[in-house]
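What follows is one structure encoded as structure tokens, with my remarks underneath.
Just so it is clear, the structure is predicted and the values come from calculations on it, not from any experiment. Chain A is the first sequence line, chain B the second, and so forth, proteins listed ahead of strands; every chain is numbered from 1.
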Number of protein chains: 2
Amino acid sequence: MASSRADPYRALFHKLAMLNSLSAEELDGIKSLPLRPQRFRAGATIISSGQLVSECCLLVEGYACRHKLASDGGRQIVSFHVAGDILDIQHLLFEKADHNVQTITDAEVVFFPMRDLRRLIEERPEVGKALWRDCLVDASIFREWVLNVGRRDARMRIAHMLCEFAAKCEAAGLGSPAQFTLPMTQEDIGDATGLTSVHVNRMLRQLADEGLIARAGREIRIADWPRMQEAADFQPDYLHLAA
Amino acid sequence: MASSRADPYRALFHKLAMLNSLSAEELDGIKSLPLRPQRFRAGATIISSGQLVSECCLLVEGYACRHKLASDGGRQIVSFHVAGDILDIQHLLFEKADHNVQTITDAEVVFFPMRDLRRLIEERPEVGKALWRDCLVDASIFREWVLNVGRRDARMRIAHMLCEFAAKCEAAGLGSPAQFTLPMTQEDIGDATGLTSVHVNRMLRQLADEGLIARAGREIRIADWPRMQEAADFQPDYLHLAA
DNA sequence: CGTCAAATTGACAAGGCTCAAGTGCCGTGG
DNA sequence: CCACGGCACTTGAGCCTTGTCAATTTGACG
């Protein structure tokens, strides 16, 4: 993977283009930010809770997640991320990380100095608006996750997580519900849905037996997208994929 | 309740003062926004999911919550709110509501036209920064709720919810962990923690039996704050109450 | 005093967890 | 090229936390 260095802006601009109409000057402003590229191996921690953060981290290639730890060591994943996602925009206004960011696969990220980003936002408020909007989408997804984990049964939770991930991948140009890569382990899926990996396994089998999904290694197909959305109670409005 | 109209800005400015150093001019800018006060009875819906929203809603007095509904009718509360909280700042950049806002007690709110708020933010970027920060705190709390509902057992979930609410009330000048009002029903607490009201009742009794809390009607005391925080796995960092 | 919503309690059911064993896959090194 | 090791995946059995259902009690308020 990632043997050649990818264009660090492509995925981000692709996402911004769907929601905001940033001018060429504003995009150039982003391009003119100094950046520090870095590769991480699968499972590496990019940001640890409690850490002081002075850079903003953009995922260029690969997959990542954000998670928090409970006192008993239990891990709760709070979001999954694909290429083009900004992993810690909250540090624009908070010094200290309140959760962890970790890669799921080998990944390539770029870091922007937060100070330069702040200056760019002052000069070009539309850039700030686009990033603020991104934060609001994040928050909306967190709310849906609270609902998912709090009020849906295991089968539905997993179906929902799969639908959301499929939709995110499709929006990022990384496949479609009919064919995408599910890079995380069943343990990860459990940590995202508040279940154990054992039960995740059983539910994935059940969804496959029902003909809703078809698995082949890390590749997955949602075999019946309408019925799957129904089974998942998935209504993509909360992703705010359209402006 | 709320028989006399409260100063609509007091609680909000109190909160903003803790985190941001807005100038007198910026605060005056907020005060100069046209506003529409409105009273709601307990249990009233202020904003419904799917609705087009063109005003921003500030809670001036009373308590409210935000929630989402699952396809089976299950309700998941995603946040509780006290005086001074902005209930739907996301509509600054989203037209359509993706969740519901409901009062818990009789409440007084004021609505600002979103358009005027946008103009104020353009003129005074520091106001935008303060509001953006507020969004980020919201998002941080949502992440903690995902953890709470996903990875903690019933007793801990409820203890955590109580600690958070106590901390929010204290920050808003509405009491202290040693004495505050718990305005929501046990049904509401269940909807916030992903439990049934029956089990909430059992756990509240257990927490009381353990000497962690003392209840008297809607008034509640956290009898042993250090031990309660321990039992709740409550570390208030995620509330970002200090700048 | 009557009414109604909320709180409380008990008995029983069930969804999901724990523990445990075994399988499959893939990268690595001999 | 094959053997090995490790991690993820799979499956089964039994248990436990929490949900369901139902009956009472309590408390606020007219």
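- Computed from coordinates, the B/Leu195 CG to C/dG16 C1' distance equals 14 Å when rounded to whole Å.
- Electrostatic pairing of A/Arg66 and A/Asp88 does not count as a salt bridge here, judged by no charged N lying under 4.0 Å from a carboxylate O.
- If A/Arg218 and B/Ala154 are placed on DNA chain D by their nearest nucleotide, the residue sitting closer to the 5' end is A/Arg218.
- For the pair B/Glu187 CD and C/dA7 C1', the interatomic distance rounds to 11 Å; values are reported in whole Å.
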When you compare the protein's N or O atoms with those of nucleotides 23-30 of chain D, which come within less than 3.5 Å of each other, and at what distance?
none

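- In this structure, A/Arg152 does not reach the C/dG16 phosphate: none of its side-chain N or O atoms is under 4.0 Å from OP1 or OP2.
- Counting to the nearest Å, the P atom of C/dA7 and the CD1 atom of B/Ile220 are 12 Å from each other.
- A salt bridge does not link A/Asp153 to A/Arg157: none of the charged side-chain nitrogens sits closer than 4.0 Å to a carboxylate oxygen.
- A distance-only check finds a donor-acceptor pair linking the side chain of B/Gln76 to the backbone of B/Ala192 [under 3.5 Å].
- Between the CD atom of B/Gln186 and the C1' atom of C/dA5 there is a distance of 12 Å, rounded to whole Å.
- In summary, the aromatic rings of A/His240 and B/Phe94 are positioned with their centroids under 6.0 Å apart.
- At the phosphate of D/dA8, neither OP1 nor OP2 sits under 4.0 Å from any side-chain N or O atom of A/Thr185.
- Backbone-only contact: A/Gly194 has heavy atoms under 4.0 Å from sugar-phosphate atoms and none from a base.
- Rounded to whole angstrom, the span from the CG atom of A/Asp72 across to the P atom of C/dC17 amounts to 13 Å.
- At whole-Å resolution of the value, CG in B/Asp209 and C1' in C/dT8 are 13 Å apart.
- A straight line from CZ of B/Arg151 to C1' of D/dT17 spans 15 Å, rounded to a whole angstrom.
- Rounded to a whole Å, the CG atom of B/Asp188 is 12 Å from the C1' atom of C/dA5.
- Considering only residues two or more places apart in sequence or on other chains, A/Arg221 meets the side-chain hydrogen bond (donor to acceptor under 3.5 Å, both in side chains) condition with none of them.
- Of all heavy-atom pairs between A/Ile86 and A/Leu58, the closest is CG1-CD1, 4.0 Å.
- Side chains of A/Gln229 and A/Arg227: a donor-acceptor N/O pair is absent below 3.5 angstrom, by distance only.
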Can you pull every protein N or O that's under 3.5 Å from an N or O on nucleotides 11-15 of chain D?
from: D/dT11; atom 1: OP1; to: A/Arg205; atom 2: NH2; distance (Å): 2.9
from: D/dT11; atom 1: OP2; to: A/Arg205; atom 2: NE; distance (Å): 2.4
from: D/dT11; atom 1: OP2; to: A/Arg205; atom 2: NH2; distance (Å): 3.1

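- With hydrogens and angles disregarded, no donor-acceptor distance shorter than 3.5 Å links the side chain of A/Arg143 to the backbone of B/Ser79.
- In summary, B/Asp106 and B/Arg39 do not engage in a salt bridge, as defined by a charged side-chain N under 4.0 Å from a carboxylate O.
- Nearest nucleotide to the B/Thr196 side chain, out of D/dG19, C/dC17, D/dT18: D/dG19.
- When the side-chain nitrogen and oxygen atoms of B/Arg215 are compared with OP1 and OP2 of C/dT8, one or more of them lie within a distance under 4.0 Å.
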